[in-house]
Amino acid sequence: MARTSAEIGITADAWCPGIRCYADLRCGATAARGGWRADLLAGLTVGIVALPLALGFGVSGGLPAEAGLVTAIVAGVRAAVFGGSNVQVSGPTGAMVVVLAPIVASHGAGAVVVTLLAGVIVLAAGVLKLGRAVSFIPWPVIEGFTLGIAVIIFLQQVPQLTAATPTPGHSSQAVVAAMQSIVAADPGYLAWSLGAALVVAACMLLAPRVHAAIPGSLVGIVLVSVLALVIPNPLTRIGALPSGLPAPSIPALDPALLGSLLTPAVTVAALAAIESLLSGRVAASMADTGTFDPDRELVGQGVASIGSALFGGMPATGAIARTAVNVRSGGRSRIAAIFHSVVLLAVVLVAAGPVGTIPLAALAGVLMVTAVRMVHLGTVRAILRSTRADALAFVVTAVVTVSFDLIVAVVIGVVLAGVVALRSLSRSSSVHRESVDAPHVVPSPAADDDAPDGLRHDGAAEGDERIAILRLDGPLVFTAADRIFDEIRAISGVSVVVLRMSQLELVDATGARMLGDIVQALEARGVTVLIKGIQPRHEDLFRTVGVLGALRHHKHLFDDLPTAIGHARDHVRRERCGPTP
């Protein structure tokens, strides 16, 4: 009988905004979980911080600066309302710019369609409850991914400083474009742009030392913009911005282009999901910000990117830097992220003219400092000093991110980490041959009265050298199956093999099939196989793949070792004395 959507967990109530999202909101700014005033103040702070980033990411993505603002406004409020975090702030991010730039270069206006398709894909992933898949990405891979993104963001600003026409393309082209722009740079213009970037960087570094609440990036941009108006200079400006949001419209969907846009859309969707889920998970650990629902977060990010596409914006993701500012500023409910979008909308409506006079070099300075701050040297040192495998995964992911592609880097990093994990898992599988007369664990009251609890010493008996007790430890999976098979088949000079399986932790179909092959191979050589201690959770698998059916007799299955040893000794005795007349 078909199950209802409620039975499989797909309920609209779980995704739709409601008063429950603001149940803990209190009046006043000193309440334990924050209040209206605290959230509004946090939203104002985040809006000020987000303004230069939104403008900069719009330009770096190969789009007009207003595309970044539109995304921060439209997607920011939608993700705040529909998302799975109470404090997540969403909008354009550096990682998305790195992916979007080559798409804009290749498809132009088709990037809006890519944004729409990516939003639909992320929304579907949330409906299908794929939000917890991010937990399968190892920490070194995430940090390597972040380091690679930071390097690319930094390099993408070099053409902005040299007034060279940026050539958005594959991430590896960021290195080439940076070098080419430096070689072709006009020394006079470069001096002005570097000066502007350094002023912004100095403000960003020094402002927090004066007071933590001072937005250094905004102060730096205002200072550079004022100086650029007063002092004649050749710096390139952002240019005219619209004094309002564009009217929403559905992007033109050309069926002939959908096939070529689908792959970029999947890449954008994968990055949007990964970055948003990582950001939301980090935010949930920063303070008491309520529960984080990863599936609902994907739904919210999908709705956000769809809305952004309708207004001609960029794909949206959760932004860890702005989210962290929100939490540190006292934001505890969705009101803060919503008000951050309201602040940016006010800038568009009231201050579009002054914003258009900002030099691009000032935005480049903001993004360069942001890229440097993305890399935490303590984290890098910790990973490099951890295990060789984790250090390798970190370095490979970072190098591939810069040299090839972001999503390819994550896939390679995860695969590499998985291979290393499987290798470690296979090495933990082992076969130990035990002496027949050694003390053995006995889970029955039949142990000797003078022996320690759970131990029994049977003593040596004639013919024991013809009995091999093999204890299988650890997981028995496909990566270790051949090695275990060879080790057991190498046993010689015995008449009976007792396989102890009570210590097996994990068995897959390949490992179980290998056990069946071992039993058949030993029996074919005339060696009787006895199996002791099959765990109940493995019994169905062993029966299905034929391990139990390969035994010579159904009585060759035992629950305790002394009984199995007794049966083995009887078998050896009969073999030595011949059949009873």
Side-chain angles (χ1 to χ4, degrees), residues 1-22 71 74-91 93 95-96 99-100 112-137 248 250-251 253 258-259 261-284 289-311 313-319 323 334 337-338 407 410-411 414:
M1 183 175 63
R3 296 186 298 169
T4 65
S5 61
E7 290 174 326
I8 61 177
I10 303 178
T11 59
D13 183 65
W15 305 326
C16 293
I19 193 63
R20 68 187 184 282
C21 298
Y22 312 92
T71 304
V74 177
V77 70
R78 283 172 170 256
V81 172
F82 291 93
S85 169
N86 290 329
V87 294
Q88 178 98 290
V89 178
S90 301
T93 63
M96 187 56 69
V99 170
L100 190 64
V112 178
V113 179
V114 170
T115 301
L116 179 64
L117 294 176
V120 173
I121 294 172
V122 175
L123 175 61
V127 172
L128 296 175
K129 294 187 173 295
L130 301 179
R132 302 196 181 278
V134 72
S135 61
F136 294 104
I137 303 178
I250 299 177
L253 300 176
L258 285 180
L261 296 178
L262 185 58
T263 299
V266 172
T267 301
V268 169
L271 178 60
I274 292 172
E275 190 173 15
S276 299
L277 292 175
L278 291 177
S279 175
R281 190 171 67 178
V282 171
T289 58
T291 59
F292 173 61
D293 186 340
D295 297 319
R296 179 174 172 179
E297 182 63 26
L298 290 183
V299 171
Q301 295 298 336
V303 171
S305 288
I306 292 173
S308 178
L310 297 180
F311 284 86
M314 307 161 56
T317 73
T323 301
R334 300 165 190 266
I338 294 172
I407 302 303
V410 172
V411 172
V414 171

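Heads up: numbering here begins at 1 and tracks the sequence. The figures here come from the full heavy-atom set of this structure, side chains too, leaving out hydrogens, waters and symmetry mates. The structure displayed is predicted, hence computed values, not measured ones.
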- line: All heavy atoms of Ala118 vs all of Val268, minimum pair found to be CB-CG1, 3.6 Å

message: Please determine whether side-chain contact (heavy atoms from CB on, under 4.5 Å) holds for the pair Val81 and Ile338, giving the CA-CA distance in whole Å, both sets of side-chain angles, and the decisive distance to 0.1 Å.
response: CA-CA 8 Å; Val81 172; Ile338 294 172; 3.8 Å; yes

message: Run the side-chain contact (heavy atoms from CB on, under 4.5 Å) test on Leu116 and Ile306 for me, step by step, so that the C-alpha distance in whole Å, both residues' side-chain angles and the decisive distance to 0.1 Å come before the verdict.
response: CA-CA 5 Å; Leu116 179 64; Ile306 292 173; 3.8 Å; yes

- prompt: Quick one: does Leu271's side chain get under 4.5 Å of Met96's, heavy atoms only?
  reply: yes

Any donor-acceptor N/O pair, Ser305 side chain to Thr115 backbone, under 3.5 Å: no

- prompt: Is any side-chain heavy atom of Ile250 less than 4.5 Å from a side-chain heavy atom of Leu310?
  reply: yes

message: To check you understand the geometry: which heavy-atom pair defines the closest contact between Leu117 and Ala265, and what is its length?
response: CB-CB, 3.6 Å

- prompt: For Ser308, which residues count as a side chain to side chain donor-acceptor pair (under 3.5 Å) partner, sequence neighbours excluded?
  reply: Thr71

field: Reported CD-to-OG1 distance for the pair Glu275 and Thr93, which is rounded to 0.5 angstrom
entry: 3.5 Å

Got a list of side-chain donor-acceptor pairs under 3.5 Å for residues 297-304, not counting sequence neighbours?
unit_1 : atom_1 : unit_2 : atom_2 : d
Glu297 : OE1    : Gly84  : N      : 2.8
Glu297 : OE1    : Ser85  : N      : 3.3
Glu297 : OE2    : Gln88  : NE2    : 3.2
Glu297 : OE2    : Gln301 : NE2    : 2.7
Gln301 : NE2    : Ser90  : OG     : 2.8

- request: Would you indicate whether the side-chain heavy atoms of Thr317 and Ser279 approach each other to under 4.5 Å?
  value: no

- request: Calculate, to the nearest 0.5 Å, the distance between atoms CD1 and CG belonging to Ile121 and Leu262 respectively.
  value: 6.0 Å

message: Please check: side-chain N/O of Arg334 versus main-chain N/O of Asn86, any donor-acceptor pairing under 3.5 Å?
response: no

